[in-house]
Number of protein chains: 4
Amino acid sequence: MNEDRKRAMTLLKTARGQVDGILRMLEEDRYCMDISTQIVAVSGLLRKANLAILEQHMNSCVKEAFLAGEGKGEAKVEEVMRVLEKYGR
Amino acid sequence: MNEDRKRAMTLLKTARGQVDGILRMLEEDRYCMDISTQIVAVSGLLRKANLAILEQHMNSCVKEAFLAGEGKGEAKVEEVMRVLEKYGR
Amino acid sequence: MNEDRKRAMTLLKTARGQVDGILRMLEEDRYCMDISTQIVAVSGLLRKANLAILEQHMNSCVKEAFLAGEGKGEAKVEEVMRVLEKYGR
Amino acid sequence: MNEDRKRAMTLLKTARGQVDGILRMLEEDRYCMDISTQIVAVSGLLRKANLAILEQHMNSCVKEAFLAGEGKGEAKVEEVMRVLEKYGR
């Protein structure tokens, strides 16, 4: 597994642990805004993990497609755009 | 636990399960864009959970603070704004 | 016009001026990433303007609805949630 | 000017017109949630314009850098990532 994917994995494992923590906060009837702040923090981890996956994708699959020519790179970019449309919303 | 919090809990448990699934996808060296699409989906669940928490907060803590008067409601709104600043980014 | 709305107006006027600037950058065939960075900056201004409007709404319309009772406050909160659903995406 | 940039230009001109409309709504003291909904709509236009710029960048500058080799493509991808970090927040 390459560095970007390892980084994404670490971020996702941290996010998972924090979701467990938020579930405990809900069970302990903790203050809403503390819970909300934690959820926003987990979203930040997911965003970073996604960027690591996107960067790795562009430096491997998209790169190879551009080098292969015949519009293959543009097709891969189109695919990335579809994900970014959902990601940036 | 009220309905909004139960809804948030269900969403967070689903999100946790999906993060587990993404970790498996990484271990199975699955295609980058499939992984990225899943991460975006989990972010959507977290966003919904956060909205459930915010709605419940506004209908309880913020409401009571407004009814108590003396600027207490405005202070609670200020607090919500700080979370929304991070949430919307 | 209250302070929050004045703040929103200032932010929106700045955003408008920056959109003009981005259009000029496009006409001058400027570098893509410089244009993209400017668009992200304008989005930030819009987000701040929206928060100012939301804050003012919660401290006026939502507050008065809570004080009027009979579930009117909850109805206003429901409305805010619908906007936040789109805003946070 | 290529198609993506023309599309970005059209979106930005529409966004500028809508910001003018929002400024009028503020002067006419229109309802907060109507104003907020309009601001969210303009943000959507900016997001689309930004995606058009990013797509064009990847299919030109990033592509050429990959074809030039020597890590130039990876440097361009790094640059895109910095913008995406701000864009997705």
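Within every chain, numbering begins at 1; the chains are lettered A, B, ... in the order of the sequence lines, protein sequences first and strands thereafter.
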Inter- and intrachain pairs under ring pair (Phe, Tyr, Trp, His ring centres under 6.0 Å), touching residues 1-53 of chain A, at least two apart: A:Y31-B:H57
Working to the nearest 0.5 Å, report the span between CG of B:D34 and CD of A:E79. 7.5 Å
How long is the span from the CG atom in A:L46 to the CD atom in B:Q18, to the nearest 0.5 Å? 10.5 Å
Flag side-chain contact, heavy atom, 4.5 Å: B:M33 against A:L54: yes
Is there side-chain contact between B:C32 and A:Q56, with at least one heavy-atom pair below 4.5 Å? yes
Most contacts with chain B, counted as non-hydrogen pairs under 4.5 angstrom, among A:V40, A:L51, A:T37: A:V40
Under 4.5 Å heavy-atom distance to chain B, tell me which part of A:M9 shows up: side chain, backbone, both or neither. both
Is A:K76 in contact with chain B via its backbone, its side chain, both, or neither, using a 4.5 Å heavy-atom distance? side chain
Distance-only check: which donor-acceptor pairs under 3.5 Å involve side-chain atoms of residues 19-29 of chain A, not counting sequence neighbours?
from	atom 1	to	atom 2	distance (Å)
A:D20	OD1	B:R16	NH1	2.5
A:D20	OD2	A:R16	NH1	3.0
A:D29	OD1	B:R5	NH1	3.1

Please report the shortest heavy-atom distance between A:N50 and B:S36, naming the atom on each side. OD1-OG, 2.5 Å
